[in-house]
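Chain letters run A, B, ... following the sequence lines, proteins first and then strands; every chain starts at 1.
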There are 4 protein chains.
Amino acid sequence: MKVRIPKRQKGINTKQRILESAIRMFAQKGFYKTNTKEIASGAGVPVGSFYAYFKNKKDVLYASVDYYNTLIASNIINFQDTINYENLDIRSMLKQIVNNAIKAHQVLPDFHNEITFLINTDPKIKTNMEKSIQYATKKTEETLNKMKDSIRVKNTRISSVLINRTVEDFIHFIIYGKPEYDRNLLIDEFIDMLSCYLSKSQ
Amino acid sequence: MKVRIPKRQKGINTKQRILESAIRMFAQKGFYKTNTKEIASGAGVPVGSFYAYFKNKKDVLYASVDYYNTLIASNIINFQDTINYENLDIRSMLKQIVNNAIKAHQVLPDFHNEITFLINTDPKIKTNMEKSIQYATKKTEETLNKMKDSIRVKNTRISSVLINRTVEDFIHFIIYGKPEYDRNLLIDEFIDMLSCYLSKSQ
Amino acid sequence: MKVRIPKRQKGINTKQRILESAIRMFAQKGFYKTNTKEIASGAGVPVGSFYAYFKNKKDVLYASVDYYNTLIASNIINFQDTINYENLDIRSMLKQIVNNAIKAHQVLPDFHNEITFLINTDPKIKTNMEKSIQYATKKTEETLNKMKDSIRVKNTRISSVLINRTVEDFIHFIIYGKPEYDRNLLIDEFIDMLSCYLSKSQ
Amino acid sequence: MKVRIPKRQKGINTKQRILESAIRMFAQKGFYKTNTKEIASGAGVPVGSFYAYFKNKKDVLYASVDYYNTLIASNIINFQDTINYENLDIRSMLKQIVNNAIKAHQVLPDFHNEITFLINTDPKIKTNMEKSIQYATKKTEETLNKMKDSIRVKNTRISSVLINRTVEDFIHFIIYGKPEYDRNLLIDEFIDMLSCYLSKSQ
DNA sequence: GATGAATGAGGTTTCATTCAT
DNA sequence: CATGAATGAAACCTCATTCAT
C-alpha cells in the first residue's frame, strides 16, 4: 500500500506528530525496542495512521534522521552566524565553535546517539548522515582557508575532515559520557589540543 | 534450568564455539537481528545446547563483550609491549600507539561497532565497557606521568581521558569511515594533532 | 450511507469509470489482492466517491460480473448474427461459432478467469453466471432444433448443455493454455470432434 | 527463518497434520478466506508450529498442490491398470476411462476446484499442474498409438492433448456443475461425443 | 545429557469502511 | 457534495525459551 501524502492541514499535523513521537521513542528506548503501535499511540493516533503516512518502521527512522539532520544543520548555521571571526584569536574562536556545536546537539541528544550507531547498520542512514558531514566539512575548510596565514596546518582539506570528526566525536563524548570528570575541564583541554594543532606559534 | 559449567574439554569447546558463533553473528547482523537458533546452528549444535551453556540470549551478549574486551586488551598490551619508549620521540611513539590500536581493533571491527550501539540499551554492557576504558585510561595516565618532564600537558588525568577517547573515536572513524580520503594522510594528520598537543616545543 | 444513483452524465461517467477500473484491477491482480483505494484511484477519484456509487467491495464485483456477462453476450450475439446458417455445412458453421466465441472472450480474458475462481466463493456470482450460461444454452438448443434433421444428436437439450460447456472450456484452454501446441491445429481438431459428434454422416 | 525439516516421527506427523488441515480448509473455504491460525488449529497445533514447517501461507498451498497431484496420479494409475484394453470396444473403454477419472477426482473434489483457478494466479502452481497433465497426456498418446489402426484420428499427439483436456474439464463440470441435468445422461452424451470422434466407423 | 519439537505472546502490516470538514 | 483522514480489527509472521523423548 502506498503511503499517503497529506493534503489537508489535519493530515500534515498528524504526520508531523507521528514523526516527532518516533524521534522521541527512538531516543528514549532505541529503534529495536520501540514498536510501531507505541509510536502511533505516542502521537495519539491508531496504528493505521502510522502506516498511512510511513511505509514501515524503517521509513520513519529515515524520516527521523532527515528531520534531525536538517534541524541540527540549521541550528549550527544559526549559531555559527553569530560568531565574528575578525576579532577573535584562534583559541576563543574554537571555544565558541565547540560550545555552539554542543548547544546545537542538545536539541535531541539521545536521538543523535541512537542514530550514530545505526549508521553502520543501514546504508541509507549512512549516506544521509554523510551528506550532512560533508556539508559541515566544506564549511570548516572554507574557514580554514580564510585563516591560512595565521594557522600551521597546510592541507586544509584533510585537516577539516579531521577537525570535524574530532569535534563531532568529542561532543558526543561530552553529551553521553558519564560526568565522572569535570566537563569544563575536558572542554578546555580539548580546545587546548585543537588550538595547539592549529596555532602557528603557541 | 541450570547453566551447565563445562568440565571436560568437549564441553569447553562447545561453549567456546557457541560464543564465537554469537560474536560472528552479532558482528554481521547485530544483536536484534540474530536469533538463538542461528547462533546455535552457526556453532553446529542444536538450540537445546545453546541453553545448556548460556542462560539466555543476553547472557551470550555479555559473554561476547567480556571476551571481546579481554581480546582487545591483551592485543593492545601485546603490541604495546613491543614499543621501546626510551628511544622514541613523542611523534614516533604516538605513531606506534595509534597503529597498534588500529591493528588491535581490526580483530572484530563490526562487533566493536555493535557493542557501541548496545551500550545505550544495556547498563551491564555500559559498565563493562567503562571498566575497559578506565583500565586503558589508567595505563595512559601512567605513561604520561613517566614522561611528565618532556610533555606540555599538566593535568595528566584529564589529558589521558581526552587522549584515550580521541584515539578510540579516531580509530572507529578510520575503520568505518569510508575511504574517501587517504587513510595514511589522515593518520599522519591525527598524530600531528596529538603531537602538537603533547610536545613541549614543536 | 445510501448508494448514490447518478442522474447527470457526470455521475454516470464516474460510476462507469470506477466499474471499469475495478474490472481492470480484478483481472490483473484478482479480487482479493485489489483494494478499494486502488480501484478508486484507478478511476481517478478518491475512495469516498467509490462508496458513493457502490455499497462495498463485493458490490462492484457483482456489478463487474454483470457488466462482463452483458458484454460477452452482446459480443457473441453480434458475431453470431453475421453467420448465415443457411449456406453452411456443419463444419464451417462450427468453425465460425468457435472463432467468434474466442474473439468474444478475448475482450477481458483475465477477468473471465477471475470470475471462474470466485464462483465458488460467492453464491451470487454463481447464480449470475449460471443465468448467462442458461441463456447461451437455450440459444444453442434452439439452433440445434432448427437443424434437427441434418444432425445425429437426438436429445438436443442435453446435447446443447454438453456443447456449450465443452466450447466454453475449450476456449478457456485456448486462451490460458500455454502455446506449446499449435493453436490452429488444436482448434481444427476440436471442431473435428464436435463435427463428428453432430454430423449425421461423415 | 528457515523452515524446519522434521527429524523425529513426532515432527513428521505434525507437518502432515498441518498439510492435511490446510487442504481441508482450502477446499472448504478457499485459499483467501483461510488464515494460518485456522490451519494450525485445524491440525491441533499453535501458529508457531505452522511457521516451523511452512515458510508461509503460499508455501502450504504449493505443498498441498504437490500432495494432491501425487494422490490423483497414483489413483488414476491404479484405476487405469484395471482396464483390459484387449477385450474392449472403444465406447466401453471410454466409459471406463471417464468413470475412473471421475472416481479418482472425488478424493478431494473441492480442493481440486480451488486450485484449478489458482493455477492462473500463480506460476508455481501452473508449472506443477502442467507436469501432471503432461504425464497424463503422454499416457493417452501411448494408448492412442496402440490403437492406431482402429481409430480415425491421425495426429495422436494433438488428439491426446485435446482428449485429456476435454475429459478433465468435463469431469470438473460433472463434479461441480449443478445437478440440474441428469448426470448419467450427460456422461453418456459425452462418451458418445468422444466415441464419434475416435471411432473409424460409427 | 542431547536433541529438536512445541509454544504463544507480541510485533508488523493491511484495508474496508466511516466520517468530519 | 466531495474529499481524504481516521479507525481498528484481523491477518501475517517471528523467536526466545521450555520440555518431552
Compare the minimum distances between each of E:dT13, F:dA16, F:dA5 and the side chain of B:T36, then state the nucleotide with the smallest one.
F:dA16

Nearest-angstrom distance from the residue atom [atom1] of [X] to [atom2] of [N]:
X     : N      : atom1 : atom2 : answer
D:I12 : E:dG4  : CD1   : C1'   : 12 Å
C:M25 : E:dC15 : CE    : C1'   : 15 Å
A:N13 : F:dG4  : CG    : C1'   : 15 Å
C:N35 : F:dA10 : CG    : C1'   : 16 Å
A:K10 : F:dA6  : NZ    : C1'   : 6 Å
A:R8  : E:dC19 : CZ    : P     : 16 Å
D:I39 : F:dA11 : CD1   : P     : 12 Å
C:K29 : E:dT14 : NZ    : P     : 12 Å

In Watson-Crick or G-U wobble terms, with both distances under 3.5 Å, the base opposite E:dT18 is F:dA5

Please give me the minimum heavy-atom distance between B:F54 and B:I18, naming the atom from each residue.
CE1-CG2, 3.6 Å

Nearest heavy-atom contact between C:T70 and C:D66 is OG1-O, 2.7 Å

Looking at DNA chain F, which of residues 42-62 of chain A put a heavy atom within less than 4.0 Å of it?
A:P46, A:G48, A:S49, A:Y53

Can you tell me how far the CD1 atom of C:I115 sits from the CG atom of C:D110, to the nearest 0.5 Å?
11.5 Å

Is any side-chain N of the basic residue among B:K29 and B:E114 closer than 4.0 Å to the acidic one's carboxylate O?
no

DNA chain E: A:T34 or C:K33, which has the more 5' nearest nucleotide?
A:T34

Would you check, one step at a time, whether the test side chain to side chain contact (heavy atoms under 4.5 Å, CB included) holds for C:F50 with C:V45?
CA-CA 7 Å; C:F50 175 92; C:V45 297; 5.6 Å; no

For C:K58, I'd like to know if atom NZ has over 12 heavy atoms of other residues, nucleotides or ligands within 6.0 Å.
yes

By nearest-nucleotide position on DNA chain F, the 5'-leaning member of A:R17 and B:K37 is A:R17

Please determine whether side chain to side chain contact (heavy atoms under 4.5 Å, CB included) holds for the pair D:N128 and D:Y62, giving the CA-CA distance in whole Å, both sets of side-chain angles, and the decisive distance to 0.1 Å.
CA-CA 9 Å; D:N128 207 314; D:Y62 298 150; 6.0 Å; no

Could a donor-acceptor pair under 3.5 angstrom be found where the side chain of D:R4 meets the base of E:dA6?
yes

